[in-house]
Amino acid sequence: MSVSIAIDGPAGAGKSTIAKQVAEKLHIIYVDTGAMYRAMGLYFQRKGISPEDEKAICGACREADISIVYEDGAQQVLLNGENVTAYLRTEEAGNMASATSGYIPVREKLVELQQKLAASKSVVMDGRDIGTVVLPDAELKIYLTASVEARARRRYLELKEKGSPCGMEEIARDIEKRDYQDMHREHSPLKKAEDALYLDSSEMSVREVVDAIIDALMETLMEKRVPDRRLDGVLEELMKKEYGIK
Ligand code: DC
């Protein structure tokens, strides 16, 4: 039996760090959907298309083939066959993704790819609309957030470590702008699914959040799993060890 875990939330809430660790613990794959929107944004940027030019975006979107492969367990994004993973984590790529992810053709194309990835395998998938649109039947849905201050502080430290420091205020402004854009767009805006567990990580360590998610999953699986079908990854063993389930 495959299992889907949907993690949604605003930029900088720690979704990818958390989702990666949950996936590692459960020996299932991690799907970073933001990276797909970033790759699509990179394509528009390379073509010199402005994010406001809806017609050009909708046309160009058809030419951009995005696919996913895994290398040593890490997701790699291919844009028309080229591995573009190394270009996706910049502020510019994030802003371009946020500005162009509201267009329906872009969303339809990537949602289809995401649903295909989760159809036959157990996944931890993070994004903005995973619990509401992409995987509405996910066994577990998490809405992971943190205060703007906490998110800006984390981002500041991350950039400082990489040797490219940026002012904290500028980072906070960027985060607020991105939150607004992602939450107020017409199609699939970021919002908590009604049945999602709300987690505010402002005062929680990564480990605490990961443990809270694994605990919530165990509880859910106790209710939802089909008794005579084995679970994917190490889930079956975890259930037996933690809860004495046979
Ligand atoms: O999670 P991220 O920062 O890598 O995402 C970049 C942008 O992509 C985000 O600002 C909005 C968009 N996005 C989306 O619309 N839907 C998703 N499922 C994931 C990301």
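Each ligand, and each atom within it, is numbered from 1 in the order the structure gives.
- Residues lining ligand 1 at a heavy-atom distance below 4.0 Å are given as T33, G34, Y37, R38, R89, A97, S98, S101, R107, G127, R128, D129, I130, R178, D182, R185, ordered by chain and residue number.
- A salt bridge between K141 and D195 is present, with a side-chain N of the basic residue lying under 4.0 Å from a carboxylate O of the acidic one.
- Each side chain to side chain donor-acceptor pair (under 3.5 Å) pair with one or both residues in residues 88-98, not counting sequence neighbours, appears once here: Q45-E92, E91-R155, S98-Q181, S98-D182.
- Tested against S201 for a side chain to side chain donor-acceptor pair (under 3.5 Å), the candidates K15, R154, R151 yield a single pass: R154.
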Might you work through the side-chain contact (heavy atoms from CB on, under 4.5 Å) test for H187 and V133, ending with a clear yes or no?
CA-CA 10 Å; H187 309 294; V133 175; over 6 Å; no
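- Under the 4.5 Å side-chain heavy-atom criterion for Ile, Leu, Val, Met, Phe, Trp and Tyr, V22 and I28 are members of the same hydrophobic cluster.
- With respect to K25, the side-chain contact (heavy atoms from CB on, under 4.5 Å) criterion is satisfied by exactly one of D211, I213, V124: D211.
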